Amino acid sequence: MSAAITSLIDGLNPQQRAAVTATEGPVLVLAGPGSGKTRVLTHRIAYLIREKNLHPSALMAVTFTNKAAAEMKHRVEGILGDRLKGLQIGTFHSICARLLRREAESTRHRNDYLIYDTDDQLTVINQAMTEQNIDDKKYKPRAILNAISSAKNELTGPDAFIAQGYMAEVTRRVYQRYQEILISNNARDFDDLLMDTAILFRDHPDVLEKYQQFYEYLLVDEFQDTNAAQYYLVKELAAPQNNVFVVGDEDQAIYAFRGADYRNVLQFRRDFPQAQIILLEQNYRSTQVVLDVARAVIDKNSNRTRKALFTERQGGTPVQVFEAYSDSEEAEYVVTTIEEQRRKLSLSYKDFAIMYRTNAQSRAMEEACIREGVPYKLVGGIGFYKRREVRDLLAYLRLVNNLDDSVSFSRVINIPKRGIGKKSVEDFQAWAAKNRYTTSRALEALADGEVTPLNSSAVKKFIEFHRMILEWRQEASSNNLAALLDSILIRTHYTMHLQETSDDNEQFMEREENVKELRGLLDKNIGMPLNEFLEEIALVADIDTVSDALDAVTLLTLHAAKGLEYPVVFLTGLEEGLLPHMRSFDEPEGMAEERRLMYVGITRAMQRLYLTYAFRRLMYGDSTPGRPSRFLADIPLDRVEGAPSKMLQNQSRRSFEAETRWDDSTERRSGSLLAGLGRPNKPASLPAASAPKKENLKYKTGQKVRHAKFGEGVVIHSLRMGSDEEVTVSFSDKKIGLKRLAASFANLEILGEK
DNA sequence: GGGCCGTCGCTTTTT
DNA sequence: GCGACGGCCC
């Protein structure tokens with residue numbers, strides 16, 4: 001063994017070493033969080049290239065995000081010290097997208113096909129529904145889209161879709177038409193990228209064989225989050241040698257909603273009984289305290305391989321729990337704590353992450369960051385490519401690339417205003433559909449003077465628009481995309497349009513800035529064919545665009561946090577209905593996934609972990625009461641420390657004791673702060689709000705009250721304590737904050753309902 | 001065809 | 001609390 005090889009496996013533990021060097025045949029690695037799985041993957045790639053003398057192009061590595069792919073490539077280059085020409089590394093979607101372009105002649109699309117995102121998909125769904133007179137009040141387009149997406153992820157095409165029941169029949173009809181429109185538009189949705197590749201392999205054994213021979217070794221990361229289509233692709237490509245290496249952790253499966261099925265891990269063992277199974281159990285990321293908390297949460301899930309995660313980093317700072325009155329107080333606490341800890345521990349802003357279940361929760365955090373002057377970077381939310389002006393201009397670019405894209409066509413045909421209204425566009429599309437014309441064919445027919453239901457002035461405007469696009473098409477062939485965008489901006493007077501449609505100057509400037517940013521992006525990619533540029537931006541994930549260089553706090557959803565790590569992590573909004581999310585209350589599998597989500601969040605923390613929740617939270621514009629998440633009740637008390645404020649500390653401690661103690665007596669909980677813990681319960685029936693009425697208590701949640709000494713405040717909740725009533729009040733004087741008072745002594749004056 | 005204004009529904013999570 | 005959409009009027 002050469003010195004270079006030894007250094008490749010030096011510093012790896014025996015299990016990691018086994019995973020790196022087990023090159024032949026199927027291998028399944030079950031890797032706990034922080035167990036050095038990326039290290040294993042990169043070293044394995046390097047090992048295959050160095051030791052097995054493999055050409056990089058004979059390797060295919062699938063990662064979960066483009067960011068992870070880029071990082072992996074970078075790290076392998078760091079090990080090998082040279083370029084990895086031809087190494088295929090990327091997400092399933094990006095790898096399939098490229099493959100489908102290369103093999104276009106064996107598919108139903110041309111190689112300049114477009115990739116539709118969710119908004120585009122909904123436009124097509126709506127069109128398909130309108131055409132068939134399906135009421136979108138009765139059948140939610142979004143639900144139908146989800147059903148179609150699930151079907152595709154199971155590799156069920158529109159013809160194989162069997163409808164049982166009325167809803168399914170509606171779905172079947174929409175699916176049928178939806179797919180026709182996509183093909184006619186020369187467009188694919190995300191799921192088609194996978195399904196069409198699978199179909200290609202099924203119907204063209206010669207093509208499949210070519211790739212089977214080309215890719216001698218396969219590696220798949222985050223295997224627990226693969227769906228049926230992806231698993232099919234892995235299995236097909238791996239054959240016949242089956243040099244397939246998959247890494248996953250069932251406890252981190254959090255994408256069932258998009259068709260992922262962690263049982264693929266079990267399926268893999270069944271399909272490859274000769275597979276080597278390697279467990280990575282040593283954690284190099286977190287302290288023992290963090291791991292204890294993580295374990296306490298995940299151990300409540302059944303049907304899993306229990307792993308004995310361990311670390312050599314004994315001890316650690318106890319997990320801090322903070323109970324806030326409102327979402328804004330929670331945010332304030334998080335941000336001021338970051339500032340305080342950053343100074344105390346000499347950390348950078350980028351060492352901190354704030355995590356939450358839903359994107360909507362980012363708002364309060366952002367506002368607090370702005371107030372406190374803490375720099376932050378937001379992952380997800382309304383991303384750059386979702387801005388109206390960016391979408392408009394991209395629609396022009398997409399049309400230039402592919403004039404059959406009816407979605408982009410109907411988006412910009414009247415932007416800026418050209419006097420072509422909704423009615424004209426609908427008539428045009430209906431006429432095109434009736435004649436089975438694609439959009440470009442229909443436009444040509446108009447120019448040829450074919451009889452249409454449109455009036456002559458409308459026809460003239462359509463023809464004019466068509467000509468304009470064709471001219472840009474000429475320009476696009478030079479691959480100077482920034483110049484092309486300039487032509488579009490000038491010819492359409494787009495800036496003027498922006499000015500006219502902006503509410504104020506501030507909004508106008510912001511939008512113009514976005515246009516400039518898009519132009520900058522096009523300029524950076526000078527020489528890149530338009531189609532490739534469009535493909536690239538269609539497949540970027542929010543997380544891909546986050547800069548590591550920027551020193552700022554990261555705000556992200558728990559889903560986006562997968563695979564990342566931070567010295568200090570804040571898990572926020574730990575409330576019933578949020579985490580676990582109310583949408584998972586009625587399915588045990590959904591609840592188990594929420595728990596895994598919590599587990600993923602906890603295990604991102606290297607040194608310090610903060611868990612926070614709020615009594616009241618702004619939802620849909622008004623404040624609604626909440627209760628601490630049931631998952632908090634599973635955390636061992638001796639790993640936890642209360643909030644810094646003395647009073648809240650007591651409150652918090654009491655809550656936790658209460659939770660653990662009352663875990664098996666649901667009845668006693670009603671009317672208490674922790675009512676309903678451990679039991680599915682819709683926030684609509686929150687005992688905090690409804691129980692006092694039932695028990696005929698004097699004070700009700702939300703009431704404004706005055707105390708002789710503490711001043712004015714709001715009742716958080718009230719509960720019967722023997723013959724007396726215990727009222728918890730949040731006083732407007734911040735120094736007083738929350739108080740628990742005995743009603744008979746406190747003499748609270750009721751000032752009215754909120 | 002276009003602009004204004006009121007109603008409604010909404011939120012998981014994402015390639 | 002906000003954006004999408006439908007109804008209404010010019």
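In what follows, chains are A, B, ... by sequence order, proteins preceding strands, each numbered from 1. Side chains included, hydrogens not; waters and symmetry mates left out as well; all remaining heavy atoms used. Predicted, not measured: the structure shown is a model, and the values here were computed from it.
Of the candidate nucleotides C/dC2, B/dT15, B/dT11, B/dT11 has the atom nearest to the side chain of A/Ala360. Considering only side-chain atoms of A/Thr557, the nucleotide from C/dC2, B/dT15, B/dT13 that sits closest is B/dT13. Residue A/Tyr620 places its side chain closer to B/dC10 than to any other of B/dT14, B/dC10, B/dT15. Set against B/dT14, B/dT15, B/dT11, the side chain of A/Phe257 has B/dT14 as its closest nucleotide. Set against B/dT15, B/dT14, B/dT11, the side chain of A/His581 has B/dT11 as its closest nucleotide.
A/Asp221 has its CG atom 15 Å from the P atom of B/dT15, to the nearest Å. In this entry the distance linking NZ of A/Lys386 with P of B/dT11 reads 13 Å, nearest Å. Going from atom CG of A/Leu579 over to atom P of B/dT11 covers 19 Å, rounded to whole Å. The CG atom of A/Leu122 sits 16 Å away from the P atom of B/dT14 (whole-angstrom rounding). Remark: C1' of B/dT15 and CE of A/Met195 are 16 Å apart, rounded to the nearest angstrom.
Here A/Asn359 lies in heavy-atom contact (under 4.0 Å) with sugar-phosphate atoms only. Residue-level contact check: A/Arg388 touches neither bases nor backbone, having no heavy atom under 4.0 Å from any strand. Here A/Tyr255 lies in heavy-atom contact (under 4.0 Å) with sugar-phosphate atoms only. When heavy atoms are screened at a 4.0 angstrom cut-off, A/Lys562 is found touching no nucleic acid atom at all.
Ring geometry for A/Phe223 against A/Phe268 counts as perpendicular: the plane angle is over 60°, on a 0 to 90° scale with 30° as the lower cut.
The aromatic ring centres of A/Tyr116 and A/Tyr178 sit 6.0 Å or more apart. Between A/His581 and A/Phe257, the gap from one ring centroid to the other reaches at least 6.0 Å. Note: A/Phe201 and A/Tyr232 fail the aromatic proximity criterion, with ring centroids not under 6.0 Å apart.
Looking at A/Arg363 and A/Leu618, their side chains never come closer than 4.5 Å, going by heavy atoms from C-beta outward. A heavy-atom distance below 4.5 Å is found between the side chains of A/Val220 and A/Phe92.
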Considering only nitrogen or oxygen atoms on both sides, find all protein atoms under 3.5 Å from nucleotides 2-6 of chain B and state each distance.
| unit_1 | atom_1 | unit_2 | atom_2 | d |
| --- | --- | --- | --- | --- |
| B/dG2 | OP1 | A/Gly419 | N | 3.3 |
| B/dG2 | OP2 | A/Asn414 | ND2 | 3.1 |

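Remark on DNA chain B: of its neighbouring residues A/Arg142 and A/Met619, the 5'-side contact belongs to A/Met619, judged by nearest-heavy-atom nucleotide. Each of A/Ala541 and A/Ser584 has a nearest nucleotide on DNA chain B; the 5'-most of these lies closest to A/Ser584.
In this model, the phosphate group of B/dG1 is approached by a side-chain N or O of A/Ser424 to a distance below 4.0 Å at OP1 or OP2.
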Yes or no on salt bridge (Lys or Arg N to Asp or Glu O under 4.0 Å) for A/Asp427 and A/Lys423, after CA distance, side-chain angles and deciding distance?
CA-CA 6 Å; A/Asp427 288 349; A/Lys423 185 71 172 46; 3.1 Å; yes
